[in-house]
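A short worksheet on the structure shown next.
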Protein chains: 2
Amino acid sequence: MTVGATQPVIRATLEDVARTAGVSLATVDRVVNRREGVHAKTVARVEAAVAKLGYRADVAAARLARGQTFRFAFVLPTGSNSFMTSLTEQVARTADWLAGQRGFIDILHVDVFDPDVLAAALENLSPAYQGVAVIALDHPRVRAAIDELVARGIAVVTLVSDAPSSSRVHYVGIDNPAAGRTAATLMGRFLAGREGTVAVIAGSLSLRDHTERQFGFHQILSSEHSNLSALPVIEGRDDSDRTRKLTGALLARHADLRGIYCCGAGNRGIADALEASGRAREVVWITHELTEYTRRFLVRGTLDAVINQDAGHEARSAARILLAHCSGEPISPDQERIRIDIFLRDNLP
Amino acid sequence: MTVGATQPVIRATLEDVARTAGVSLATVDRVVNRREGVHAKTVARVEAAVAKLGYRADVAAARLARGQTFRFAFVLPTGSNSFMTSLTEQVARTADWLAGQRGFIDILHVDVFDPDVLAAALENLSPAYQGVAVIALDHPRVRAAIDELVARGIAVVTLVSDAPSSSRVHYVGIDNPAAGRTAATLMGRFLAGREGTVAVIAGSLSLRDHTERQFGFHQILSSEHSNLSALPVIEGRDDSDRTRKLTGALLARHADLRGIYCCGAGNRGIADALEASGRAREVVWITHELTEYTRRFLVRGTLDAVINQDAGHEARSAARILLAHCSGEPISPDQERIRIDIFLRDNLP
DNA sequence: CAATTTTTGAGGTACGCAACACAAATTCTG
DNA sequence: CAGAATTTGTGTTGCGTACCTCAAAAATTG
């Protein structure tokens with residue numbers, strides 16, 4: 001039995017470092033917090049002592065002493081689909097956690113799908129905020145608004161939907177083209193060589209994440225599954241009534257319809273139409289976001305796979321990144337990477 | 001534009017609560033920390049003030065004042081496969097993070113696959129530890145050792161592999177039967193009705209996680225994919241040389257071999273044998289754990305899907321749970337649930 | 001070598017809470 | 001209503017760090 005490097009049970013404090021370096025506390029403080037006016041030789045002595053004792057600042061004490069509080073705004077869409085509802089809930093939970101960490105989150109509800117409204121909301125944001133998380137739109141005005149916030153010294157992270165060419169410090173969300181490719185591979189493999197057509201239903205082609213997904217989907221479908229041909233993309237506007245009618249029409253018109261990929265919302269409509277047609281089992285349906293509904297359709301067998309992004313993870317990650325950015329701490333990219341989850345009936349959480 | 005409930009930027013402190021409740025700080029302290037000897041009426045008054053001000057204890061200040069330090073042991077296997085190596089690395093990283101939170105992790109390397117050795121290691125564990133994370137074995141002696149630790153007041157969480165009937169406070173890992181079912185569904189759907197046989201390679205049938213996975217796999221395969229018949233389980237002992245030979249023999253003997261499910265390690269051997277046979281593309285191979293190697297096989301197309309558990313998440317979760325348990329804080333089950341990840345070539349992180 | 005600049009030290013306060021001791025006030029008991 | 005028990009208040013200390021001031025020491029300069 002090998003015992004790993006045994007750490008001291010008693011933490012080394014700044015005083016310990018001062019003592020072993022043979023300098024005063026003030027000097028250690030200057031070195032540790034990278035203040036001016038310390039001789040290079042002394043810096044080295046202190047750093048050696050830090051290394052020797054394995055000194056790590058006690059984050060609790062540091063936070064307390066600094067006494068900073070943080071205020072973040074989360075700009076989320078007004079009353080929307082299940083995913084957004086769940087995201088809002090997770091942000092609220094994150095806010096609760098953050099409140100114990102000297103951080104406060106205000107949730108601002110905005111029509112994020114209208115670039116002008118969104119940009120205006122960002123422009124008029126109170127300067128009291130040190131950070132903003134926003135479900136962005138890749139639109140010039142929104143981009144400009146983000147850039148202006150950043151120029152004003154406010155950290156901006158984009159959430160779920162990115163504005164890549166803006167100066168946001170981080171994008172918290174999945175790689176949407178990759179998500180589309182994942183859906184296509186699943187579709188192609190589940191259909192295993194059968195011939196036919198595949199429908200793609202997006203919310204709106206003016207949403208960057210939806211276009212990226214369908215782009216990735218088409219890319220793989222055309223290059224690797226030539227037995228399947230994709231029908232023109234349909235815009236369902238994330239509305240169940242609309243998707244119900246559209247899906248019904250699709251099923252009626254295309255006897256050879258083998259699969260449906262929905263890269264937006266409106267899943268209840270698709271499920272209704274599929275189940276009404278009696279072809280629910282034979283048509284492979286893949287969609288995004290695990291919700292109360294998609295979970296049910298998955299269990300029932302109407303839905304074959306869900307590509308998901310974890311709203312809880314995204315909310316927490318955005319808060320952690322804003323907090324780290326504002327207090328100059330590093331982040332661990334590994335922990336902040338939002339994965340493209342695949343859920344089948346069998347691995348539901 | 002709707003603004004969510006705006007929180008105060010200045011946190012309410014215990015003093016604020018005392019003032020608005022019209023009592024002293026000591027009384028508030030008694031109420032908040034649930035000490036004895038406070039009149040029910042006063043308790044109510046204080047709690048009302050807490051609610052009114054939205055008071056939340058500053059975790060930094062609380063930790064500092066309590067001044068407790070924690071010491072945890074992580075019992076990990078001696079020199080082992082890629083997954084375990086990666087887990088060890090992630091535990092080391094977690095230790096680094098914990099060091100800033102008044103927590104220390106010692107990594108103990110033990111032959112966790114030998115019940116007697118593992119049990120002895122647990123029995124001889126220093127009482128200096130407040131918590132232990134262990135890759136458990138579901139064996140009477142190990143179970144007894146865990147129970148004894150818990151009886152001694154040491155929190156035990158099982159990691160990756162559980163000992164369900166022990167009194168451990170938490171299991172940090174995936175639902176292995178569900179992981180097996182997930183693999184079977186993928187296998188069945190990728191093979192889409194083709195007839196043939198499927199091989200199952202486990203590390204050892206005395207490992208609970210492996211048996212559970214193959215149980216789940218067989219369950220779904222036999223009930224939902226009657227076109228496929230499973231060959232008797234082969235024990236590869238997580239050793240690449242052995243799995244290479246075994247896989248080679250399988251391929252030679254069974255011309256109708258359509259799929260391979262490996263619920264343990266030794267993937268390099270399987271890849272070698274598959275690629276040497278020239279049947280890598282036609283045989284569906286599904287395995288566990290995303291490593292440097294399985295990632296490569298996935299990209300190359302030899303491997304079709306990886307069922308994964310996130311080692312980083314597991315390490316962090318175990319540490320968080322031990323910390324929360326020892327300081328009496330609640331955990332959010334949501335965040336600690338280890339997901340069964342499915343990785344295809346397209347959604348690799 | 002004196003004057004100046006740079007570097008270091010000493011010391012203090014504050015952060016918000018936990019934990020304690022002890023006194024004062026209130027309520028209950030016989 | 002005295003005495004006891006219960007409840008509440010006052011006050012203090014310490015956790016480890018950040019940040020500040022002012023003085024002392026050392027090194028550098030003319």
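Below, chain A is the first sequence line, B the second, and so on; all start at residue 1. Worth knowing before you read on, the calculation uses all heavy atoms, side chains too, and leaves out hydrogens, waters and symmetry mates.
B/Leu64 has its CG atom 11 Å from the P atom of C/dA18, to the nearest Å. In this structure, the CZ atom of B/Arg45 is 13 Å from the P atom of C/dT26, given to the nearest Å. At whole-Å resolution of the value, CZ in B/Arg102 and C1' in C/dC17 are 13 Å apart. Distance CG (A/Asp29) to C1' (C/dG12): 13 Å, rounded to an integer number of Å. As rounded to whole Å, 19 Å separates atom P of C/dT6 from atom CZ of A/Arg35. A/Glu15 has its CD atom 9 Å from the P atom of D/dT17, to the nearest Å. Remark: C1' of C/dA19 and CZ of B/Arg34 are 17 Å apart, rounded to the nearest angstrom. Distance B/Leu25 CG to D/dG14 P: 18 Å, rounded to the nearest Å.
Looking at which nucleotide of DNA chain C each of B/Tyr55 and B/Arg30 is closest to, the 5′-most match is held by B/Tyr55. Nearest-nucleotide positions on DNA chain C for A/Ala26 and B/Asp58 put A/Ala26 closer to the 5' end. Summary of the strand contacts: A/Val32 and B/Val28 both lie near DNA chain D, and taking for each the nucleotide with the nearest heavy atom, the more 5' one is attributed to B/Val28.
Of the candidate nucleotides C/dA18, C/dG16, D/dT17, D/dT17 has the atom nearest to the side chain of A/Ala62. Considering only side-chain atoms of A/Ser24, the nucleotide from C/dG16, D/dT10, C/dA10 that sits closest is C/dA10. Which of C/dC17, D/dC19, D/dT7 sits closest to the side chain of B/His39 comes down to D/dT7.
One finds the CG atom of A/Leu322 at 5.0 Å from the CZ atom of A/Phe72 (value rounded to the nearest 0.5 Å). Remark: B/Arg320 CZ to B/Ile331 CD1 distance equals 9.5 Å, nearest 0.5 Å.
Ion pairing of B/Arg35 with B/Asp29 is present here, as a side-chain N (NZ or NE/NH1/NH2) and a carboxylate O approach within less than 4.0 Å.
For the pair A/Thr27 and C/dG9, the criterion of a side-chain N or O lying under 4.0 Å from OP1 or OP2 is met. Of the side-chain N and O atoms in B/Arg63, none sit less than 4.0 angstrom from OP1 or OP2 of C/dC17.
Across all strands, B/Gly22 comes closer than 4.0 Å only to sugar-phosphate atoms, never to a base (heavy-atom distances). Residue B/Gly67 is classed as having no contact, given no heavy-atom separation below 4.0 Å to the nucleic acid. In this structure, A/Ala57 reaches the sugar-phosphate backbone alone: every heavy-atom distance under 4.0 Å involves primed, P, OP1 or OP2 atoms, never a base.
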For this session: Go through the steps for A/Arg168 and A/Asp162 under the test side chain to side chain contact (heavy atoms under 4.5 Å, CB included), then give the verdict.
Result: CA-CA 9 Å; A/Arg168 87 281 187 282; A/Asp162 195 16; 2.9 Å; yes
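Of the N and O atoms on the side chains of B/Asp147 and B/Ser167, at least one donor lies less than 3.5 Å from an acceptor on the other residue.
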